[in-house]
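Working notes, beginning with the structure itself.
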2 protein chains.
Amino acid sequence: MNNTTGHAHDATAWLQLARRLQKQQLQQLSQLGELASQLSALVHMLQCERGASNIYLCSGGLLYTAECRAGGALVDERLALFYASLERARAVAGSALCWRIARAVDELAQLPALRAQIGRRQIAAEAATEQFSRVIRHLLNIAPQLNDSIDDPPVAGRMVALYSFMQGKELVGQERALGALGFTRGEFSDSLRQQLVDRIDGQQPCFDSFQALGSPATVQLFRTQCHAGLDIEQLRRIACTRQPAADGGETALRWFWPANPTA
Amino acid sequence: MNNTTGHAHDATAWLQLARRLQKQQLQQLSQLGELASQLSALVHMLQCERGASNIYLCSGGLLYTAECRAGGALVDERLALFYASLERARAVAGSALCWRIARAVDELAQLPALRAQIGRRQIAAEAATEQFSRVIRHLLNIAPQLNDSIDDPPVAGRMVALYSFMQGKELVGQERALGALGFTRGEFSDSLRQQLVDRIDGQQPCFDSFQALGSPATVQLFRTQCHAGLDIEQLRRIACTRQPAADGGETALRWFWPANPTA
């Protein structure tokens with residue numbers, strides 16, 4: 001609300017108000033931009049924790065015990081920053097954004113219970129991965145709504161680029177989790193294989209949109225650093241066409257930490 | 001700004017904020033809707049004053065002396081309501097809307113000087129019409145910006161319908177003013193004729209867009225009441241194809257007040 005005391009027929013007062021609102025809008029923009037960064041960092045950490053928990057559960061608790069604990073701690077660190085950023089964005093959020101934040105915050109509240117189940121291995125790897133993915137999905141749903149209050153087309157375009165990248169990266173993350181599941185088990189069911197293929201196919205449109213709207217420097221970085229390497233393509237072929245060798249999780253780790261990781 | 005004291009990780013607080021913002025948005029919507037109505041009524045009165053002043057000046061001060069004065073008084077009445085509505089909308093206006101309001105308010109401030117010139121017949125009819133049209137143009141420029149803060153697609157669509165209708169109606173008004181000029185003078189120059197044809201051609205796209213987005217009842221009213229009648233089409237043909245008879249302004253008045261006026 002603008003408590004301006006100028007009169008309605010005073011053109012100068014309207015111009016001053018316009019300038020003040022424009023300045024306010026830039027501040028809002030910077031707060032929403034910061035929230036977008038925090039969101040993206042939190043999702044990244046959740047993707048890591050999801051992957052570590054997946055390997056831990058698939059290996060029957062033999063692998064990645066420490067990584068699970070570390071992953072959880074890193075998520076909690078990011079979570080505190082994310083909540084602080086949400087608190088600052090509260091004053092500039094529109095109603096649709098608030099609905100999505102409420103939904104995501106509600107999902108985030110389930111994390112401690114999920115971790116307790118994972119620690120006691122009282123949940124199947126697929127179910128745990130599904131729960132992490134649901135939290136991430138609701139966090140990602142916040143991103144497009146950040147554009148609601150942005151009427152600067154170049155900035156709005158960069159926000160869409162970020163959102164597209166986050167979506168593509170999440171599909172990469174899901175592909176990794178599904179692959180880890182199959183390689184650790186030494187078996188890819190038809191359904192698992194289909195899910196894997198869907199995740200691989202879905203990535204391209206997201207990264208196309210990112211490359212169309214992202215800043216030249218970021219797009220350049222993506223082109224040189226983030227393409228699936230030879231290692232990944234070989235493992236993708238194995239996962240999608242034949243049953244891998246039972247090797248006590250060795251291929252799973254190679255799948256999870258190839259020479260050129262994307263996410 | 002929302003001074004909510006709830007915490008960032010409290011989903012219920014976010015839901016409550018979302019509902020409060022939604023309610024605020026409905027109030028804003030109603031204020032912007034009221035401003036749109038006042039804007040449309042003010043433009044209508046300015047169109048009437050423009051027409052009356054035009055006939056007054058073209059007839060060398062013989063016709064429409066009283067109508068000019070009455071037209072000015074009706075505009076001033078509407079102007080007071082418009083300013084009051086602007087004052088109420090100040091708290092919900094965005095920066096782009098404020099810029100346009102400033103521009104229009106600045107133009108409105110020139111009205112008294114214009115009327116003084118018209119009263120003393122110190123300005124040519126075409127120049128006076130042009131000045132009224134500029135004021136109206138800047139008022140109409142406010143309308144599309146009202147949609148900035150509206151994220152309800154049906155309401156936004158109705159706003160576009162209103163704006164399209166106002167644009168079409170202004171072209172009708174300009175056509176009337178140009179026709180009155182020619183008929184009162186008993187002569188249509190090539191340039192005047194071209195301007196007339198442009199105004200007639202421009203109306204259709206505006207009214208098409210209005211009919212596509214307006215409420216069924218309003219569109220129905222438009223279809224039954226607002227089409228150019230036989231009278232107007234005959235006079236349009238005369239204006240666009242041959243020189244009218246010199247009849248001391250009789251045809252000008254028939255042009256201005258046909259059986260079925262559109263604006």
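Computation of the quantities below employed the complete heavy-atom set of this structure, encompassing side-chain atoms and omitting hydrogens, waters and symmetry-equivalent molecules. Every chain is numbered from 1 and lettered A, B, ... according to where its sequence line falls, protein lines coming before strand lines.
Rounded to the nearest 0.5 Å, atoms CD (A/Gln24) and OG (B/Ser95) are 10.0 Å apart. Between the CH2 atom of B/Trp99 and the CZ atom of A/Arg19 there is a distance of 4.5 Å, given to the nearest 0.5 Å. Atoms OG1 and CG, on B/Thr12 and A/Asp106 in that order, are 7.5 Å from each other to the nearest 0.5 Å. Summarising the geometry, atom CG belonging to A/Asp10 is positioned 12.0 Å from atom CG belonging to B/Leu86; distances are rounded to the nearest 0.5 Å.
In this structure a side-chain-to-backbone donor-acceptor pair under 3.5 Å is present from B/Glu87 to A/Ala8.
Ranked by heavy-atom pairs under 4.5 Å with chain A, the list B/Ala104, B/Ala89, B/Ala11, B/Ala109 is led by B/Ala11.
Contacts of A/Leu108 with chain B are absent, with no heavy-atom separation under 4.5 Å from either backbone or side chain.
Using a 4.5 Å cut-off on side-chain heavy atoms (C-beta onward), A/Cys98 and B/Leu15 make no contact.
Figure legend: cation-pi geometry between B/Arg100 and A/Trp14 absent, as NZ or CZ is not positioned both under 6.0 Å from the six-membered ring centre and within 45° of its axis.
Nearest heavy atom pair, residue B/Val105 against residue A/His9, reads CG1-O, 3.1 Å.
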